[in-house]
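If you're wondering where the values come from, they're calculated on a predicted model, not measured in any experiment. Values below: every heavy atom of this structure, side chains too, minus hydrogens, waters and symmetry copies.
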Amino acid sequence: MTIADRTPVEFPFAAPPSLYHPAPELGELREECPVAPVVFPDGATAWLVTRHTDVRQVLTDPRFSRAHAVAGEVETGLGRLASESILGLDPPEHTRLRRLVAGAFTARRVEQLRPRVTAIVDDLLLALRKQPQPADLVAGFSLALPVRVICDLLGVPESDQHRFHGWSDAAMGDRTRDPRIMMAAFASLQGYLTELIAEKRAHPADDLMTALIDARDNADRLSEAELVNLGVSLLIGGHETTANQIVMILLTLRAHPDQWAALRADPSRVPAAIEELMRFTQLGAGAGGIARVTTEPVELSGVTIPAGQAVLPALASANRDPRAFADPDTLDLHRGDSHGHLGFGAGVHHCLGAQLARMELQEALAGILRTLPGFAIDLDDADIAFKPTMILRSVASLPVRWDES
């Protein structure tokens with residue numbers, strides 16, 4: 001089959017009617033046409049892959065190239081970020097750069113960071129409790145937490161951390177965002193990282209950026225441009241997704257009061273619950289994955305995709321595939337098959353900070369259970385305001401209440 005053999009489906013799909021389930025078109029395609037040709041408003045075409053096994057293959061099979069995809073992507077959203085970072089590289093170049101930072105994100109190193117993250121969580125939530133109710137959880141907690149964590153790791157001064165919010169929002173725009181705004185945001189981020197690198201060279205510290213500078217200056221293991229763009233990638237990737245995941249987890253639990261009550265009764269189940277919530281929650285309405293391009297013909301679900309074709313792995317659909325998860329549209333914090341989810345991707349581009357993100361989500365949820373008794377979201381789903389033209393479903397603000405006791 002080629003794209004010409006079947007009428008392409010218009011893509012991206014409209015926002016689904018529910019915050020808690022992916023676009024219904026994804027489920028229909030998963031059952032009837034799991035490898036489907038799609039067409040974008042600008043006339044560009046791709047193959048949308050919706051089954052768990054196929055999506056995982058797209059993420060892990062080296063015949064699906066990120067570098068080839070980036071070469072043809074519009075300089076917007078993740079395409080712009082990927083074009084200047086390890087997101088847009090294939091091995092061996094990707095492997096070389098990933099090894100430089102992977103040591104900071106191992107399970108052992110992340111566990112060493114847990115007490116610091118717990119302290120940040122408590123500090124932010126205690127500050128939130130001092131505010132009049134309802135207070136904005138996004139500004140006061142869900143966005144502030146991952147920003148502080150990744151900035152601490154990189155060695156960004158606390159006085160500068162507020163500057164990243166606007167830059168990150170602009171950089172993570174979707175296809176409708178003015179590319180000039182996005183490019184200006186990237187230029188600002190690159191400019192800031194250039195200044196930070198100069199400061200760290202003059203005054204080395206015990207942080208990840210100083211270690212990367214050492215790899216650049218003393219081991220000649222990356223270029224100056226690679227050094228700057230690694231910092232940009234870590235700053236954006238280190239907070240935007242996690243901030244939105246915290247909010248969507250809390251909204252999802254609000255919509256499932258029995259599951260929320262079970263966690264209140266037994267907070268020790270938080271780590272397992274986070275895996276199920278990562279599988280279930282919806283950060284976006286579309287494919288939810290970064291494009292690849294085939295370097296040779298590849299067969300998926302009986303369809304041979306020719307070489308040179310763009311392929312979109314639909315992570316949201318894969319995580320709801322009944323072939324991989326029993327009763328997948330039901331949130332079950334006690335299920336045993338959640339760990340097969342693709343919320344952090346798979347293969348060589350598996351999220352570098354997955355262990356850190358897991359730990360932050362665990363500590364965020366545990367902190368709310370511990371610190372905000374009677375926690376409740378003071379807003380109906382229909383009234384939630386999202387940031388416009390974002391590649392992720394990003395909640396602009398979330399008023400919350402709690403018991404004063």
Side-chain angles (χ1 to χ4, degrees), residues 1-18 21-61 63-66 68-74 76-79 82 87-88 174-176 279 281-325 328-329 341-347 349 390-393:
M1 178 189 289
T2 67
I3 285 182
D5 295 328
R6 178 185 172 100
T7 302
V9 179
E10 293 185 1
F11 192 80
F13 304 131
S18 168
H21 299 286
E25 293 92 338
L26 289 173
E28 294 167 6
L29 289 174
R30 188 176 59 233
E31 300 308 314
E32 299 171 8
C33 186
V35 182
V38 296
V39 60
F40 291 93
D42 62 3
T45 58
W47 295 88
L48 182 65
V49 179
T50 49
R51 288 184 180 170
H52 187 278
T53 298
D54 293 335
V55 169
R56 185 172 182 82
Q57 182 173 345
V58 172
L59 299 178
T60 58
D61 189 329
R63 294 175 295 176
F64 295 91
S65 168
R66 279 295 300 128
H68 284 65
V70 167
E73 284 181 350
V74 178
T76 58
L78 288 179
L87 281 174
D174 63 15
R175 286 172 174 259
T176 66
R279 181 195 72 82
T281 54
Q282 301 295 305
L283 291 187
I290 304 175
R292 271 74 171 165
V293 165
T294 49
T295 58
E296 60 182 82
V298 185
E299 182 176 323
L300 294 175
S301 287
V303 177
T304 299
I305 303 176
Q309 297 285 298
V311 180
L312 297 173
L315 305 184
S317 175
N319 283 336
R320 298 295 186 92
D321 188 345
R323 297 160 190 81
F325 307 100
D329 290 324
H341 73 77
L342 298 174
F344 291 116
H349 285 284
M390 292 285 287
I391 199 166
L392 298 175
R393 179 188 279 123

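- How far CZ of Arg66 is from CD1 of Ile290: 5.0 Å, rounded to the nearest 0.5 Å.
- When ring centroids are compared, Phe325 and His341 stay outside the 6.0 Å threshold.
- Under the 4.5 Å side-chain criterion, counting only non-hydrogen atoms from C-beta, Pro24 is in contact with Pro17.
- Checked against Trp47 for a side-chain contact (heavy atoms from CB on, under 4.5 Å), the options Leu312, Thr294, Asp54, Val303 give a single hit: Val303.
- Residues Arg323 and Glu31 are paired through a salt bridge, judged by an N-O separation under 4.0 Å between the basic side chain and the carboxylate.
- Between Arg279 and Arg320, some side-chain heavy-atom pair lies under the 4.5 Å cut-off.
- By the 6.0 Å contact criterion, CZ on Arg51 is enclosed, its count of non-hydrogen atoms from other residues, nucleotides or ligands being greater than 12.
- Separating the OG1 atom in Thr53 from the CG atom in Leu300 is a distance of 10.0 Å, to the nearest 0.5 Å.
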Might you work through the side chain to side chain contact (heavy atoms under 4.5 Å, CB included) test for Leu48 and Phe13, ending with a clear yes or no?
CA-CA 12 Å; Leu48 182 65; Phe13 304 131; 4.0 Å; yes
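- Of the possible donor and acceptor atoms, one in the side chain of Arg30 sits under 3.5 Å from a partner among the backbone N and O of Ser317.
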From CA spacing to verdict: side chain to side chain contact (heavy atoms under 4.5 Å, CB included), Val49, Gln57:
CA-CA 10 Å; Val49 179; Gln57 182 173 345; over 6 Å; no
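- With rounding to the nearest 0.5 angstrom, the CG atom of Leu26 is 11.5 Å from the CG atom of Asn319.
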